[in-house]
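Whatever order the structure lists them in is the order used to number ligands and atoms, beginning at 1.
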Amino acid sequence: MKEFEIAFKIGRPIPEEDLRAAAARALGVKPEKVGRTVIVKRSIDARQDPLYRYRVQAFREGEQYVPYTVAPYQDVHDATPVIVIGAGPAGMFAALKLLQRGLKPIILERGKDVERRKADMARLSTEGILNPDSNYCYGEGGAGAFSDGKLYTRSSKRGDIREVLHQLVAFGASEDILIDAHPHIGTDRLPEIVKNIRRCIEEHGGEYHFDSRVTDIVPGFTVFCGEKEYKASNVILATGHSARDIYEIFEAKGWALEAKGFALGVRVEHPQWMINQIRYHGKYQPEMPTAEYSFVQQVEDRGVFSFCMCPGGILVPSSTEDGTVVLNGMSNAARNSKWANAGVVVQIEPGDQPQEYSGPFALMDYQRDIERAMYNWCREHGAKHPFTAPAQRMKDFCRGIVSKDLPKTSYHPGTLSAPLHELLPEHVSMRLRRALPQVDRQMKGFYTNDALLLGTESRTSSPVRLPRNPETLEHVDVPGLYPCGEGAGYAGGIVSSALDGINCAEKI
Ligand SMILES: Cc1cc2nc3c(=O)[nH]c(=O)nc-3n(C[C@H](O)[C@H](O)[C@H](O)COP(=O)(O)OP(=O)(O)OC[C@H]3O[C@@H](n4cnc5c(N)ncnc54)[C@H](O)[C@@H]3O)c2cc1C
């Protein structure tokens with residue numbers, strides 16, 4: 001087998017003869033002696049005329065090709081139970097791994113199943129009624145179910161990403177995710193995949209319990225959801241970065257937790273056509289993938305970076321508590337809305353917060369107070385929808401001017417012109433004001449008053465860590481309890497959380 005690279009125009013079928021001829025050249029044989037070609041990577045090269053660049057494996061005639069296979073799931077109806085708290089990516093992939101290893105996952109999820117959850121999210125967007133157990137972060141599929149479904153991660157050290165991607169394909173995702181450099185699924189496709197994962201887990205003997213918010217964990221283990229209790233010798237705790245009540249249980253029991261850095265800033269929304277123009281250097285054609293961007297800057301010792309960019313997406317209210325304004329973004333598979341949004345955030349380290357915030361909840365409390373300040377400002381200035389976002393045009397923000405008017409936005413609850421530059425803490429605001437004009441050097445046209453900044457992008461990762469034994473992955477104070485995924489502070493994003501779930505299940 002030999003690997004080679006080849007590029008073809010975007011939007012046209014791959015010319016099979018050219019592919020075979022290139023494979024023959026790579027193998028040093030005649031084209032008729034090429035057995036098979038397998039595309040293993042596809043990325044966009046937009047430096048000149050936009051192209052797809054492919055990495056291809058070429059096999060000689062008769063040479064064995066072994067495709068990746070997912071380990072079979074076992075029947076676990078009568079097997080040893082393991083409690084998995086949270087049905088987000090970490091919990092679901094932990095449960096699948098338990099099935100593969102012959103253990104019975106009992107999944108306890110505070111929210112509803114992925115279908116019933118949709119009605120709560122619609123009510124939140126339109127009427128401003130927040131269900132604290134069923135929203136954009138909580139419910140089957142976790143925070144990843146109604147998202148862009150981006151599947152890339154920088155953390156290849158955490159485990160075998162192929163295992164996650166191949167399972168997602170087996171549960172209904174497009175095979176494109178196996179080769180795309182920046183794979184994504186889309187919020188219109190994710191719920192079906194999440195349901196297929198549930199069907200598989202239940203058919204093999206695992207259990208799901210929805211509307212089951214965990215209220216206490218007694219070592220041994222008895223896990224309480226109000227009056228109801230579940231027993232197992234091992235518990236995987238995969239409750240995500242917003243489950244502040246879980247951290248409070250740890251604090252009440254005297255189990256170790258520590259403040260952890262996160263990132264804080266705004267969501268930035270541009271018209272998507274602008275980003276297409278910028279990224280494809282004016283050569284965008286509708287058959288080309290909707291353009292993405294990412295950047296990192298350093299301002300006074302802190303990273304300022306784009307986060308969770310949603311091309312052709314919309315902004316959504318992702319608060320989990322009343323009285324706070326938190327935004328995130330999501331896109332359909334086709335990424336075909338008129339807008340491009342991304343978090344633009346500043347890295348916050350323990351110690352960056354004002355002195356009045358201390359202890360393990362220092363950054364969590366700081367995060368919450370900023371989310372509340374955004375909410376309070378909008379309420380005090382006449383906002384009707386409780387999740388109205390304070391907003392400012394990009395150049396106005398950097399110049400410290402309240403915008404006279406605001407451009408249209410995809411954010412359904414609406415916006416109110418606000419001094420975001422003052423509502424954000426000065427150390428965050430100052431870094432954003434300095435970084436945003438700089439981004440224009442890489443992406444000419446990015447720094448524009450047609451772009452809107454909205455507060456708050458604050459749930460970038462967990463502001464608390466539940467420390468684990470690095471060997472066993474158990475909590476340092478509670479043997480048998482596996483803090484897992486984003487909420488434990490050891491992952492960020494769908495794939496890295498899924499990998500962490502797999503790793504915790506493997507340890508059990
Ligand atoms: C709108 C949005 C868009 C996003 N887009 C992307 C993206 O495109 N790509 C990407 O990689 N990441 C994205 N993210 C982030 C990503 O979703 C998370 O990093 C990931 O879901 C974390 O996985 P997790 O399983 O650790 O936690 P979560 O997904 O947060 O799941 C935790 C689960 O635990 C449940 N839970 C919490 N407390 C309790 C309790 N007390 N009892 C029982 N259950 C409980 C919750 O209801 C939830 O279902 C997005 C997030 C949001 C909100």
Side-chain angles (χ1 to χ4, degrees), residues 83-95 107-114 117 120-121 131-155 164 182-187 190 194 208-217 223-226 230 235-250 267 292 307-311 313-320 326-331 335 341-343 457-462 483-501 504:
I83 293 174
V84 178
I85 309 177
M92 289 189 297
F93 279 84
I107 300 176
L108 307 178
E109 167 54 55
R110 76 192 294 160
K112 300 180 183 172
D113 67 70
V114 73
R117 199 177 154 187
D120 290 316
M121 294 186 322
N131 179 337
D133 291 317
S134 174
N135 47 56
Y136 278 93
C137 289
Y138 293 160
E140 186 183 17
F146 297 95
S147 72
D148 179 39
K150 278 176 288 298
L151 298 174
Y152 33 101
T153 172
R154 293 190 202 107
S155 60
V164 176
H182 287 175
H184 84 109
I185 294 182
T187 190
L190 281 157
V194 166
Y208 272 76
H209 300 269
F210 292 114
D211 306 297
S212 298
R213 182 164 54 83
V214 167
T215 48
D216 197 8
I217 303 170
V223 175
F224 289 87
C225 298
Y230 300 87
V235 173
I236 294 178
L237 181 73
T239 43
H241 58 31
S242 293
R244 291 164 170 167
D245 44 2
I246 288 287
Y247 301 135
E248 278 154 14
I249 293 177
F250 272 65
R267 273 266 147 187
E292 312 166 33
F307 173 80
C308 192
M309 200 249 152
C310 294
I314 61 164
L315 291 163
V316 294
S318 56
S319 296
T320 47
V326 181
L327 269 67
N328 213 309
M330 68 184 200
S331 323
R335 288 181 161 171
N341 72 72
E457 171 68 80
S458 51
R459 307 284 178 92
T460 46
S461 72
S462 175
C484 177
E486 188 150 31
Y490 290 95
I494 295 170
V495 172
S496 69
S497 301
L499 287 172
D500 202 47
C504 288

- prompt: Hey, looking at atom 24 (P) of ligand 1, which of G144, P89, S318, G142 has the closest heavy atom?
  reply: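 Of the listed residues, P89 has the closest heavy atom.
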message: My understanding is that we take every heavy atom of each candidate and find the minimum distance to atom 17 (O) of ligand 1. Doing that for A143, C225, A145, which one comes out nearest?
response: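 Looking at heavy atoms only, the winner is A143.
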With a 4.0 Å cut-off on heavy atoms, does [X] reach ligand 1?
X    : value
S212 : yes
M330 : no
G329 : yes

For [atom], which protein heavy atom lies nearest, and how many Å away is it?
atom                    : value
atom 8 (O) of ligand 1  : K150 N, 2.9 Å
atom 11 (O) of ligand 1 : I494 N, 2.7 Å
atom 38 (N) of ligand 1 : R110 NH1, 3.0 Å
atom 37 (C) of ligand 1 : T239 O, 3.3 Å
atom 5 (N) of ligand 1  : S147 CB, 3.1 Å
atom 48 (C) of ligand 1 : E109 OE1, 3.5 Å
atom 27 (O) of ligand 1 : G240 CA, 3.3 Å

[X] side chain to [Y] main-chain N or O, any donor-acceptor pair under 3.5 Å?
X    : Y    : value
E109 : G139 : yes
Y247 : G487 : yes
N135 : N131 : yes

Is [Y] close to [X] at the side-chain level, that is, under 4.5 Å between some pair of heavy atoms?
X    : Y    : value
L237 : I217 : yes
F210 : E140 : yes
M309 : S331 : no
N328 : S147 : no
Y490 : C484 : no
F146 : S318 : no
R213 : Y138 : no

Gap between atom CG of L327 and atom CG of L315 - 0.5 Å precision: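 The CG atom of L327 is 5.5 Å from CG of L315, to the nearest 0.5 Å.
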Using a strict cut-off of 4.0 Å, indicate which atoms of ligand 1 neighbour a heavy atom of [X].
X    : value
G88  : 25 (O), 29 (O), 31 (O), 33 (C)
C137 : 48 (C)
A238 : 32 (C), 33 (C), 34 (O)
G485 : 26 (O)
G139 : 47 (O), 49 (O)
G493 : 10 (C), 11 (O), 12 (N), 19 (O)
D148 : 5 (N), 8 (O)
L108 : 43 (C), 44 (N)

Are any of the N or O atoms of [X] closer than 3.5 Å to those of ligand 1?
X    : value
E486 : yes
G141 : no
I85  : no
V214 : yes
F146 : no
H241 : no
N328 : no
A90  : yes

Non-hydrogen atoms of [X] and [Y] that approach each other most closely:
X    : Y    : result
G329 : V316 : N-CG2, 4.4 Å
I494 : P89  : O-CB, 3.7 Å
K112 : R117 : CB-N, 4.2 Å
I107 : G86  : CG2-O, 4.2 Å

query: Does a side-chain N-to-carboxylate-O contact under 4.0 Å join R335 and E292?
result: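 Salt bridge flag = yes for E292 with R335.
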task: Using the side chain to side chain donor-acceptor pair (under 3.5 Å) rule, pick out the option among D211, T215, T239, D133 that qualifies with R110.
output: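 It is D133, the one option of D211, T215, T239, D133 that forms the side chain to side chain donor-acceptor pair (under 3.5 Å) with R110.
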- request: Have a look at ligand 1 and work out which part of A243, if any, has a heavy atom under 4.0 Å from it: side chain, backbone, both or neither.
  value: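 Side chain only.
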